[in-house]
Structures are given as structure tokens and as C-alpha cells.
Amino acid sequence: MQIDPLSSGCGNVSRLPCTWPAPRCSEALEMQLRLQWPIVIVVVLVAIAASELIFDLRAPRSELHQMHAITTTVSLQTAGYNAFEAEMEKKYGPNVVTLLDLQSSRMTAKINGKLVDDRPAPSWFSDARGFFLVGKEGAMSTFPFSINPAEPPEPGRHGGLGAGYLRTRWAKRLPAKYVDFDDRDVVTDTCVTISSSDFGWPGRFLLLRNGAFCVQFWKGSSPGSMLIGVVVADGDSWMRPFTRRLCRWFTSKAIGRVAATDRAVPADYAACVLVDRPNRPSVPEKLQSYVYEVRRDATLAAMN
């Protein structure tokens, strides 16, 4: 005889018919719930981990505004291209035509116009350069930068990237008032470096090549200071979802390093440029950047 689940006491949990006596039905449903609890716990833990490690939801937010533009420089290894050229000639003969495309950083080989080989050119990330505009509407500070994390700029350098470069490169994008300054208005102060060893045992998994953070002083209108960092990592296969949290971690470490030098208070602002995919062709594929207001207690408040 089939027992109505509503009268058996099982109907509030399941609408499936229960053909067992009521006590056995209750035991089965209790077992089902016990099996479901681990799944619920796992889902909750995954949500907590995502909010912390991916979305960085607990981080404070700043009411200030920022805009930026960043480009990168990649050094191509001519020895690698020469080896490719010799390999293609040996394989296809003297009629093969090889080409090194500097824009896409790729090497190709063709015979009678037909593509026979296409591969990435041996290259090495050299530097990131650009500018950050930070502050309130109508009172923005300009911070040009050019940082090679393998060879940080010397302290005391004037000009940084230079107003002339900004006008040439981003004249159509950057309002004229933001590049109307003298190169002496921008001064590079303290620079510090970071590496995987700075982060204990988790650092072994970060695969950092190198990283450098430099304090830039802006002495023009709305004067201020900004800690700007460029960090290069071999994280192509996994790092991109975690760049927001990692940048906060790297920047906090750099602020501590700078504070241990001769600076009594942190910089007004900070920016982290994380090059997690250094071998990708385009800048959006190659890096992620995050900008912060640095509060007096060195807390990082993320900007838009």
C-alpha cells in the first residue's frame, strides 16, 4: 500500500511518494538531509572564498576618482629569431621567407606566400609606462610613470615619463590641462622591490619574476604623492581571477617597505600594475591595474 507523504510526516520535506512505513521514511529523509549538508557547506565556503580572494568585498571603497592609461614595452631576443630563421631554412630550403612582427611579437615563415610556421617570438617584458590621474572632480593630480621592475628608477629623477611623451602618446585622450606642466613638477622618490620570498610559503606559488614600487611626487596643481608598482608574474594559466586581491597584498607589502625607509607617512595614493600574462600580445590581455586611496593608517581604499 502506498502511503500519502502528507499524512506520513514526510510531506513537508519531499513531495516524492514514500512506500515505506512512516518511521523508515523519516530515517531515509534524515539521511538525505545529512548527505546534503556537506554540499551546502562547500557552497558556502566557496562563496566566502570568492568574496575574499576574487571580489575583495571586505575592502573599503574610496569616493575619489581616477583615470589612467598604460602601455608596455617588450624586448625581443634577436638570437631567438636568428635561430628560428636558421631552423626554417634548414627545414624548407633557401626559398623560405621569415618575418618578425614587432607589433604582435610573432615569427612567421612562408613559402610562395603560403604560411608554413607561426610561433611567438622569444621576448621579455621590459617596462610599463603611462599615467594616473587621481583626486576629486576639478582637483586631479597627474602621476606619469615608467617602471622597469628589474631595474627600478633612481630616486630623485625628475620628469618620470615626461609631459612631452604624454602629449604625443595620449593627446586625444588626455585633456590638455593635465599635461600642461613642467617635467620638474614630477619627482621619483623612494623605490622598493618585492619578490616571491617576501610572502612566505604562499609566495612559492605566485611565480613572481620581479616587482618594483616607486613613490612619485606631483608638485603641480593639487600636489600629492603616489606609490606606483609594476609586478611581473608567470600566472597566465590561473592568476587573472585573483589579481584584485593579490594587488592589494603586494601594495600593502610595498607600503610597509617604504615606511621602513625615511617616510613618516604613507603616500596619498597607490596603484598596482600586475602583469600576470607577460607573453600576451595586447595590454588588456597582459595586465590588470588597481588604484587606491591610502588612508593615514595605511589602509587601502579602492577607487572606481
Side-chain angles (χ1 to χ4, degrees), residues 68-77 105 122-132 143-162 165 169 186-200 202-217 225-240 242-261 263 266-267 269-292 294 300:
H68 64 270
I70 301 172
T71 186
T72 61
T73 302
V74 175
S75 300
L76 297 178
Q77 302 174 6
S105 298
S123 61
W124 193 257
F125 178 86
S126 181
D127 66 35
R129 55 185 64 187
F131 67 88
F132 290 94
F143 297 98
F145 73 96
S146 175
I147 298 177
N148 176 355
E151 299 178 4
E154 291 293 329
R157 185 185 68 176
H158 286 265
L161 198 57
Y165 181 89
R169 177 80 185 188
V186 182
V187 181
T188 299
D189 193 53
T190 307
C191 290
V192 297
T193 59
I194 63 171
S195 64
S196 295
S197 61
D198 296 324
F199 302 96
R204 294 194 302 244
F205 302 99
L206 295 177
L207 302 177
L208 299 186
R209 289 187 189 177
N210 42 48
F213 284 76
C214 295
V215 178
Q216 296 284 94
F217 278 106
S225 57
M226 187 174 200
L227 179 67
I228 302 175
V230 177
V231 182
V232 183
D234 293 306
D236 200 334
S237 60
W238 66 274
M239 189 175 284
R240 181 55 58 98
F242 307 102
T243 53
R244 187 183 305 274
R245 188 65 184 88
L246 287 173
C247 256
R248 178 178 295 279
W249 196 18
F250 298 155
T251 307
S252 295
K253 173 65 73 173
I255 286 176
R257 281 265 169 92
V258 172
T261 60
R263 289 189 60 80
Y269 317 108
C272 170
V273 179
L274 179 50
V275 187
D276 59 322
R277 300 170 174 176
N279 298 321
R280 297 289 184 105
S282 68
V283 171
E285 290 180 297
K286 196 185 297 285
L287 61 83
Q288 290 282 89
S289 62
Y290 302 95
V291 184
Y292 312 97
V294 184
L300 298 176

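Every value quoted in this text rests on a predicted model; they were computed, and no experiment measured them. When a residue number appears, it is its place in the shown sequence, counting from 1. In what follows, every heavy atom counts, from backbone to side chain, and hydrogens, waters and symmetry copies are set aside.
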Review point. Would you say the side chain of L287 lies within less than 4.5 Å of the side chain of T72, judging by non-hydrogen atoms?
Key: yes
Exercise for review: Please tell me if the side chains of I255 and L300 come closer than 4.5 Å, counting only heavy atoms from C-beta onward.
Suggested key: yes
**Study point:** Donor on one side chain, acceptor on other, T251 and Y290, under 3.5 Å
**Key:** no
Practice item. May I have the step-by-step check of side-chain hydrogen bond (donor to acceptor under 3.5 Å, both in side chains) for T73 and D127, ending in yes or no? Key: CA-CA 5 Å; T73 302; D127 66 35; 3.0 Å; yes
**Study point:** Between CG on residue L274 and SG on residue C247, distance to nearest 0.5 Å
**Key:** 4.5 Å
Exercise for review: Show the numbers, then the answer: is there a side chain to side chain contact (heavy atoms under 4.5 Å, CB included) between V215 and V258?
Suggested key: CA-CA 8 Å; V215 178; V258 172; 4.1 Å; yes
Practice item. Please report the closest heavy-atom contact between F213 and A271, naming both atoms and the distance. Key: CE2-O, 3.9 Å
Check your understanding: Is L227 close to V294 at the side-chain level, that is, under 4.5 Å between some pair of heavy atoms?
Key -> no
**Study point:** Check: H68 and I70 side chains under 4.5 Å, non-hydrogen atoms
**Key:** yes
Review point. Do the side chain of S252 and the main chain of W249 share a donor and acceptor less than 3.5 angstrom apart?
Key: no
Review point. So do the side chains of I147 and R129 get within less than 4.5 Å of each other, counting heavy atoms only?
Key: no
Review point. Can you list every salt bridge (Lys or Arg N to Asp or Glu O under 4.0 Å) pair that touches residues 226-239, not counting sequence neighbours?
Key: R209-D234, D236-R277, D236-R280
Check your understanding: Taking C-beta and beyond as the side chain, do D198 and R257 meet within less than 4.5 Å on heavy atoms?
Key -> yes
Study note, to complete from the structure: Heavy-atom closest pair (L206 atom, A233 atom, distance to 0.1 Å) is O-CB, 3.9 Å
Revision key, fill the gap. Residue set satisfying side-chain contact (heavy atoms from CB on, under 4.5 Å) with S197, at least two apart, ordered chain then number -> S195
Practice item. Measure across Q288 and P284 and return the closest heavy-atom pair with its distance rounded to 0.1 Å. Key: OE1-O, 4.5 Å
Review point. With a 6.0 Å cut-off on ring centres, are Y292 and Y269 close enough?
Key: no
Exercise for review: Given ring-ring contact (aromatic ring centres under 6.0 Å, His included), test F131 with F145 step by step and report yes or no.
Suggested key: CA-CA 6 Å; F131 67 88; F145 73 96; 8.7 Å; no
Exercise for review: State whether a side-chain donor-acceptor pair under 3.5 Å links S196 with R204.
Suggested key: no
Review point. Using the benzene-type ring in the case of Trp, are the ring centres of F250 and F199 under 6.0 Å apart?
Key: yes
Exercise for review: Kindly compute the distance separating CG (D276) from CZ (R240), expressed to the nearest 0.5 Å.
Suggested key: 4.0 Å
Review point. Nearest 0.5 Å, what's the SG-CD distance between C191 and E151?
Key: 12.5 Å
**Study point:** Shortest non-hydrogen contact from P153 toward C214
**Key:** CD-SG, 3.5 Å
Revision key, fill the gap. Rounded to the nearest 0.5 Å, the CG atom of N279 sits from the CZ atom of F125 at a distance of 11.0 Å
Check your understanding: Is the closest side-chain heavy-atom distance between P152 and T193 below 4.5 Å?
Key -> yes
Practice item. Of all the heavy-atom pairs spanning S75 and S126, show the shortest one and how long it is. Key: OG-CB, 3.6 Å
Check your understanding: Are the side chains of V187 and Q216 in touch, meaning some heavy atoms are under 4.5 Å apart?
Key -> no
